[in-house]
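Notes to accompany the following structure.
In listed order, ligands and their atoms are each counted from 1. In what follows, residues are counted from 1 in the order of the sequence shown.
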Amino acid sequence: MANETVTITDNSTGKSIDLPIKSGTHGPRVIDIAKLQSELGMFTFDPGFMSTAACESGITFIDGDKGVLLYRGYPIEQLAEHSDFMETCYLLWYGRLPTADEKQKFDGIISHHTMVHEGLHNFYNGFRRDAHPMAITVGVVGALSAFYHDSLDIWNDRHREISAHRLIAKMPTIAAGAYRFSRGEPFAYPKNKLKYAENFLHMMFSFPTEEYQVNKVAAEALDLIFLLHADHEQNASTATVRLAGSSQANPFACMSAGVGALWGPAHGGANEAVIKMLQHIGDVKHVDKAVERAKDKNDTFRLMGFGHRVYKNYDPRAKIIRKACMDVLKELKVSDPLFDIAMKLEEIALKDPYFIEKKLYPNVDFYSGIILRAIGIPTSMFTVIFVIGRTIGWISQWNEMMTEKNLKIGRPRQLYTGPAIRDYEPVEKRK
Ligand code: CMC
């Protein structure tokens, strides 16, 4: 509806202002509060951004109540069934699905950017062997800005595109390098004839001494995992990338900030935390106890892979991954006791009034770890796999922001609760 407004009145002064309401394609309307400070002298207070739309975006849409996720308008279920990760990258970056020619060309461009500068290999040697692969990834991704500064003009469309191609292409190489370094094994160079996920598996597990056959089931499962993680609107890591980018920092530095934000167990680190939790539970017979602990307010334990800030329904990605998990375990003839524990946990939690009332459902991380285990990915690499998938989302969101007409540096304010103004006391007078 045109010219809708909300009136805000400061009851202490009686002053009122009308704030415009804006509508998007889907989703709740938003109140444009930009003038609140200049006209009423007040800020809004919303820790955790519970009610705040931080930007306008045309990339990804989530309806958390209905469990809907759209990339550029396409439902995630349709993309998971008919598309692949490379095509999804094209869709997220360029805003539309590619023609057959465009798709082939894009696949070619990405595979020709997969190698990293030789000097970057030396960078790994500065880490301890027992460093977490995420620690290495944060550092190496940031270091890319020291190696690829020929295309760092953030105001140049073509430079941004080249940086995006490089990031999508090099992330699996960087990730596999982190794993190989931790094992004391030689880095495997990428092979251009392989598809994206196949190439990653080759770089993770092949040896120069032997022929390596990529397992097709594993590669397809991995491609699906990348696709399902590709973007998720303004989550913590994407918001971090945008905030870093708003200062006009280079894209590699922004991505490194995103990797750091993803690492925490409340966000991308949850996939690793789920497996650790299932291992800790140890047996189906201990599941009830784990659920009781998760409900206990005096216990910090939470069911990892459960709950979501936006989804108050089954996460649509979790539905797809759950089914894929069953298929992969069957096809690879893997029997994983952790899968039985996960199924039991889900069954009990979904019937429990605590989880029902709080609308806590399994999220994308609940089953992804079990597939990753089945295809031989070590637990410490799970969040790095998330990084590979999410890179396209981060860089597309960054690019969208960089092409805004009036890009403003992100600068939140605060409700100050520290000491009131006071005079400095010389040290001899302090008690
Ligand atoms: N187990 C037990 N209780 C939970 C859980 C859980 N996993 N998640 C939320 N709750 C409870 C929480 O204690 C709170 O109860 P109360 O209202 O009585 O204080 C209520 O549900 C709301 O939780 P919240 O922490 O205020 O909700 P949030 O939107 O700030 O947090 C979340 C969302 C994902 C951080 C949280 O659900 C969580 O910690 N889940 C486990 C970690 C996880 O699986 N993270 C992956 C998220 S999906 C992928 C991604 O984003 O990377």
Aromatic contact between Tyr124 and Phe187, with the criterion being ring centroids under 6.0 Å apart: yes or no? yes
May I ask you to check whether His232 and Phe386 place their ring centres under 6.0 Å from each other? no
Does Arg96 have more than 12 heavy atoms from other residues, nucleotides or ligands lying within 6.0 Å of its CZ? yes
Under a 3.5 Å cutoff, is there a donor and acceptor pairing between the side chains of Glu161 and Tyr94? yes
Using a cut-off of under 3.5 Å, which N/O atoms of ligand 1 pair up with protein N/O atoms, and what distance separates each pair?
unit_1: ligand 1; atom_1: 1 (N); unit_2: Leu303; atom_2: N; d: 3.1
unit_1: ligand 1; atom_1: 3 (N); unit_2: Tyr354; atom_2: OH; d: 3.0
unit_1: ligand 1; atom_1: 7 (N); unit_2: Leu303; atom_2: O; d: 2.7
unit_1: ligand 1; atom_1: 7 (N); unit_2: Phe306; atom_2: O; d: 3.0
unit_1: ligand 1; atom_1: 13 (O); unit_2: Lys297; atom_2: NZ; d: 3.2
unit_1: ligand 1; atom_1: 13 (O); unit_2: Arg302; atom_2: NH2; d: 3.3
unit_1: ligand 1; atom_1: 15 (O); unit_2: Lys297; atom_2: NZ; d: 3.3
unit_1: ligand 1; atom_1: 18 (O); unit_2: Lys297; atom_2: NZ; d: 3.1
unit_1: ligand 1; atom_1: 18 (O); unit_2: Lys358; atom_2: NZ; d: 2.7
unit_1: ligand 1; atom_1: 25 (O); unit_2: Arg302; atom_2: NH1; d: 3.0
unit_1: ligand 1; atom_1: 25 (O); unit_2: Arg302; atom_2: NH2; d: 3.0
unit_1: ligand 1; atom_1: 29 (O); unit_2: Arg309; atom_2: NE; d: 2.8
unit_1: ligand 1; atom_1: 30 (O); unit_2: Arg309; atom_2: NH2; d: 3.0
unit_1: ligand 1; atom_1: 39 (O); unit_2: Arg302; atom_2: NH1; d: 2.8
unit_1: ligand 1; atom_1: 40 (N); unit_2: Phe306; atom_2: O; d: 2.9
unit_1: ligand 1; atom_1: 44 (O); unit_2: Gly305; atom_2: N; d: 2.8
unit_1: ligand 1; atom_1: 44 (O); unit_2: Asn363; atom_2: ND2; d: 2.9
unit_1: ligand 1; atom_1: 45 (N); unit_2: Ala266; atom_2: O; d: 3.0
unit_1: ligand 1; atom_1: 51 (O); unit_2: His267; atom_2: ND1; d: 3.1
unit_1: ligand 1; atom_1: 52 (O); unit_2: His267; atom_2: O; d: 3.2
unit_1: ligand 1; atom_1: 52 (O); unit_2: His267; atom_2: ND1; d: 2.6
unit_1: ligand 1; atom_1: 52 (O); unit_2: Gly268; atom_2: N; d: 3.4

By side-chain contact (heavy atoms from CB on, under 4.5 Å), which residues pair with Lys323, not counting sequence neighbours? Asp327
Give a yes or no answer on whether the side chain of Glu87 reaches the backbone of Lys103 with a donor-acceptor pair at less than 3.5 Å. no
